[in-house]
Amino acid sequence: QVQLVESGGGLIQPGGSLRLSCEAPGLIFGYYTIGWFRQAPGKEREGISCISTKDGVRYYAESVKDRFTVSRDNAKNTAYLEMNGLKPEDTALYYCAAYRGLMHRNAWRDQRLYRGWGQGTQVTVSS
């Protein structure tokens, strides 16, 4: 059974940086596309980034493009989300999840395709 574990969240001042990790112990990590999602208080969960398997193609939501960078280390069964220039509106519970195979550019935000959702890691951006 796929189960991912997020970590790296915390309280950070506006303009600061954090790196989130997404670990998948026991998973043949290289077979999976990894998606990053977040849910702010009172809002629906939204897709913010995705890194596809094999070809490593990356997708970003407009709200985080040019500030966030997604990467992966298949040898460590881990994906990362480097977040720079954090804003108060980035405050949310951040999740990662997995999709087996390549992800189409028009489908990466579809949460129904993913599995292995973890408990999330909280990111709070506040002065």
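Screening Tyr60, Tyr59, Tyr80 against Val70 for a side chain to side chain contact (heavy atoms under 4.5 Å, CB included) leaves a single residue, Tyr60. Of the options Asp90, Val123, Val125, a side chain to side chain contact (heavy atoms under 4.5 Å, CB included) to Met83 is made by Val123 and by none of the others.
Qualifying ring pair (Phe, Tyr, Trp, His ring centres under 6.0 Å) partners for Tyr95, counting only residues two or more places apart in sequence or in other chains: none.
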Pair Arg72, Tyr32 - check side-chain hydrogen bond (donor to acceptor under 3.5 Å, both in side chains), show working. CA-CA 11 Å; Arg72 64 190 296 156; Tyr32 289 83; over 6 Å; no
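Taking hydrophobic clusters as Ile, Leu, Val, Met, Phe, Trp and Tyr residues chained together by side-chain heavy-atom distances below 4.5 Å, Val5 does not share a cluster with Ile34. Hydrophobic cluster membership is shared by Leu86 and Val64, with clusters built from Ile, Leu, Val, Met, Phe, Trp and Tyr side chains linked at under 4.5 angstrom. The cluster map of Ile, Leu, Val, Met, Phe, Trp and Tyr, joined by side-chain heavy atoms under 4.5 Å apart, puts Ile28 and Leu113 in different clusters. The hydrophobic clustering, which links ILVMFWY residues whose side-chain heavy atoms are closer than 4.5 Å, places Leu81 and Leu27 together. Grouping the Ile, Leu, Val, Met, Phe, Trp and Tyr side chains by contacts below 4.5 angstrom, directly or via other members, places Tyr114 apart from Ile51.
Contact annotation: the side chain of Asn74 never approaches that of Tyr31 to less than 4.5 Å [non-hydrogen atoms, C-beta and beyond]. In this structure the side chain of Thr91 never reaches within 4.5 angstrom of the side chain of Ser126, judged on heavy atoms. The side-chain heavy atoms of Trp117 and Phe37, taken from C-beta on, include a pair separated by under 4.5 Å. For the pair Ser21/Lys76, no side-chain contact is recorded, criterion being any heavy-atom separation below 4.5 Å from C-beta on.
Put simply, SG on Cys22 and CZ on Phe29 are 5.5 Å apart, with the number rounded to the nearest 0.5 Å. Arg45 contributes atom CZ, which lies 13.5 Å from atom CZ of Arg38 (distance to the nearest 0.5 angstrom). One distance of note links OG of Ser71 with CZ of Arg58; it measures 6.5 Å at 0.5 Å rounding. To the nearest 0.5 Å, the span separating CD on Glu89 from NZ on Lys43 amounts to 8.5 Å.
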Scan the side chains in residues 11-20 for donor-acceptor partners under 3.5 Å anywhere in the protein, sequence neighbours excluded, and list what turns up.
{"residue": "Ser17", "atom": "OG", "partner": "Asn84", "partner atom": "OD1", "Å": "2.8"}

Can you give me every donor-acceptor pair (side chain of residues 100-109, partner residue at least two apart or in another chain, under 3.5 Å) with its distance?
{"residue": "His104", "atom": "ND1", "partner": "Asn106", "partner atom": "N", "Å": "3.0"}

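Of the possible donor and acceptor atoms, none in the side chain of Asp73 sits under 3.5 Å from a partner among the backbone N and O of Thr78.
Considering all non-hydrogen atoms of both residues, Gln111 and Glu46 come closest at NE2-N, 4.0 Å. Of all heavy-atom pairs between Cys96 and Leu4, the closest is SG-CD2, 3.6 Å. In plain terms, the two heavy atoms of Ala61 and Gly47 that are nearest each other are CB-O, 3.7 Å.
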